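Take a look at the structure below.
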Amino acid sequence: MLVFGPQKRFLRPSIPNIPCSARWERSGVTVAGGRGEGSDRNQLKKSYGIFIDNDETVIIADCFNHRVVQWKPSDTNGQIVAGGNGQGSSLNQLNHPSDVLIGKKMDSLIIADLGNRRVVQWSRRSETLQGEILIDNVACYGLAMDTQGYLYVPNALNNEVRRYRIGDKNGILVAGGNGQGSGLNQLNLPTHLFVDQQQNLYISDRHNHRVVKWNKEAKEGIVVAGGQGTGNAMAQLHHPEGIFVDQFSNLYVADEHNHRIIRWTQGANQGTVVVGGNGIRGGANHLNYPMSLAFDRHGNLYVSDHVNYRVQRFSLIKPH
């Protein structure tokens with residue numbers, strides 16, 4: 001049985017200490033895939049969500065291969081850790097998985113199984129042959145977990161986000177749920193999430209081209225990035241996806257259709273490009289529809305480079 005809630009069974013990696021003046025190398029290094037589109041162990045097929053373990057293992061929702069794979073540092077091939085048995089709805093199968101988290105104490109994976117409209121759990125033990133359904137009837141692109149172990153799940157069917165705890169199949173509404181729209185109490189295709197230590201919730205509101213922050217127990221959100229219509233100006237986003245918030249409340253966004261990672265400092269009315277934004281080619285300084293981002297404990301930035309079929313690491317530039 002899934003166990004989460006105040007028991008603190010699930011722990012996410014600690015937020016790295018990223019200075020406000022931090023910069024990253026503009027050219028990345030491929031740490032997974034990068035060998036064209038395919039289903040071999042050294043390939044990816046339109047990866048979505050990524051998660052970086054504390055030992056810098058990269059866990060990838062390899063969406064169009066219907067599997068979750070992990071790549072340890074210096075690996076040349078990935079290892080299938082969930083799915084990989086063809087597209088389907090059996091307990092040993094996945095259908096377009098879109099995000100993944102690691103449950104530390106239970107040594108398990110929590111997976112957004114988008115095509116099956118469910119969230120599933122897979123043990124990370126080598127003998128595991130199938131998963132367990134945690135939540136069903138939910139069109140879930142992304143997942144987030146707070147420090148207390150509560151799971152946050154967006155539902156594109158209802159344009160809402162719910163928080164779940166032990167044994168709960170219904171959850172508690174924490175954002176949206178007021179129909180599709182652009183009002184501050186509405187969402188229009190919520191995808192990726194981030195929860196800070198105060199249980200404030202950040203949401204990629206994809207079709208509204210904005211990121212909104214819902215403070216704990218708030219009835220409406222605050223626009224913290226974008227919200228100026230679709231476009232590529234520094235004050236705009238174009239279908240935002242993966243997000244991350246550092247210890248200074250700086251927001252990092254995978255600005256998918258602008259092919260860039262952009263940072264918005266707290267209270268700013270526009271962002272600055274961190275990496276990408278150089279067109280959609282496949283060079284080391286290019287991104288092609290970035291879908292997700294994550295940081296390791298050293299502050300290095302990882303990006304799921306969706307249509308380049310790879311995950312890139314951009315190293316933090318250390319001050320002299």
Side-chain angles (χ1 to χ4, degrees), residues 1-5 7-13 31-33 38-145 149-153 164-169 292 294 296 302 304 311:
M1 174 183 290
L2 170 68
V3 179
F4 52 101
Q7 293 86 352
K8 299 186 180 181
R9 289 279 187 102
F10 291 89
L11 297 174
R12 65 186 182 188
V31 295
S39 58
D40 290 342
R41 288 182 58 206
N42 64 353
Q43 294 179 302
L44 299 171
K45 193 173 184 181
K46 295 185 177 178
S47 60
Y48 272 55
I50 56 175
F51 188 96
I52 311 301
D53 202 354
N54 283 330
D55 65 359
E56 297 175 32
T57 296
V58 184
I59 315 293
I60 305 164
D62 190 9
C63 184
F64 281 65
N65 279 324
H66 313 292
R67 66 190 186 187
V68 174
V69 294
Q70 71 176 23
W71 291 62
K72 294 183 178 296
S74 302
D75 275 356
T76 56
N77 292 308
Q79 176 189 355
I80 299 173
V81 291
N85 297 303
Q87 179 182 4
S89 59
S90 298
L91 290 178
N92 70 337
Q93 294 178 303
L94 298 171
N95 182 355
H96 293 95
S98 53
D99 204 7
V100 59
L101 299 174
I102 297 177
K104 289 292 191 182
K105 291 295 181 67
M106 294 183 69
D107 200 26
S108 60
L109 303 172
I110 310 299
I111 302 166
D113 190 11
L114 176 63
N116 284 321
R117 294 188 175 181
R118 65 190 186 187
V119 178
V120 296
Q121 175 179 272
W122 283 63
S123 171
R124 297 184 78 190
R125 296 171 183 167
S126 59
E127 68 273 13
T128 299
L129 299 177
Q130 65 181 38
E132 172 191 0
I133 298 173
L134 305 180
I135 305 166
D136 55 17
N137 195 32
V138 56
C140 172
Y141 285 83
L143 299 168
M145 189 166 284
Y150 291 96
L151 183 66
Y152 295 72
V153 179
Y164 293 82
R165 58 168 301 164
I166 183 168
D168 185 2
K169 297 290 186 179
S292 185
D296 65 22
Y302 295 71
S304 177
V311 175

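FYI, side chains are in, hydrogens and waters are out, and symmetry mates aren't considered; it's all heavy atoms of this structure. Position 1 is the first residue of the sequence, and the numbers go up from there. Every value quoted in this text rests on a predicted model; they were computed, and no experiment measured them.
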Could you tell me which residues satisfy side-chain hydrogen bond (donor to acceptor under 3.5 Å, both in side chains) with [X], sequence neighbours excluded, listed by chain and number?
X: S90; answer: Q93
X: Y302; answer: D296
X: D99; answer: none
X: S304; answer: S47

To the nearest 0.5 Å, what is the distance between [atom1] ([X]) and [atom2] ([Y])?
X: Q121; Y: I133; atom1: CD; atom2: CD1; result: 12.0 Å
X: M145; Y: L151; atom1: CE; atom2: CG; result: 4.5 Å
X: R67; Y: N85; atom1: CZ; atom2: CG; result: 11.0 Å
X: S89; Y: R117; atom1: OG; atom2: CZ; result: 13.0 Å
X: C63; Y: L44; atom1: SG; atom2: CG; result: 11.5 Å
X: W122; Y: N92; atom1: CH2; atom2: CG; result: 6.0 Å

For the residue pair [X] and [Y], establish whether any side-chain heavy-atom pair is separated by less than 4.5 Å.
X: W71; Y: V311; value: no
X: N95; Y: H66; value: yes
X: I60; Y: V100; value: no

Side-chain donor/acceptor of [X] to backbone N/O of [Y], under 3.5 Å:
X: N42; Y: N77; result: no
X: N65; Y: G38; result: yes
X: S292; Y: G49; result: no
X: R118; Y: I135; result: no
X: D62; Y: K45; result: yes

| message | List the residues meeting side chain to side chain contact (heavy atoms under 4.5 Å, CB included) with K46, not counting sequence neighbours, and say none if there are none. | response | F64, H306, Y309
| Quick one: side chain to side chain contact (heavy atoms under 4.5 Å, CB included) partners of Q70, sequence neighbours excluded? | T57, I59, K72, Q79, V81, R124
Which atom names give the shortest non-hydrogen contact between [X] and [Y], and what distance separates them?
X: K169; Y: Y164; value: O-CE2, 3.6 Å
X: A112; Y: L143; value: N-CD1, 3.6 Å
X: I111; Y: P97; value: CG2-CB, 3.9 Å
X: V153; Y: C140; value: CG1-SG, 3.6 Å

| request: With side chain to side chain contact (heavy atoms under 4.5 Å, CB included) as the test, would you mind laying out the steps for V120 and L134 before giving the verdict? | output: CA-CA 5 Å; V120 296; L134 305 180; 5.7 Å; no
| said: What verdict does the side chain to side chain contact (heavy atoms under 4.5 Å, CB included) test give for V119 and D113, after you've listed the backbone C-alpha separation in whole Å, the side-chain angles of each residue and the deciding distance to 0.1 Å? | reply: CA-CA 6 Å; V119 178; D113 190 11; over 6 Å; no
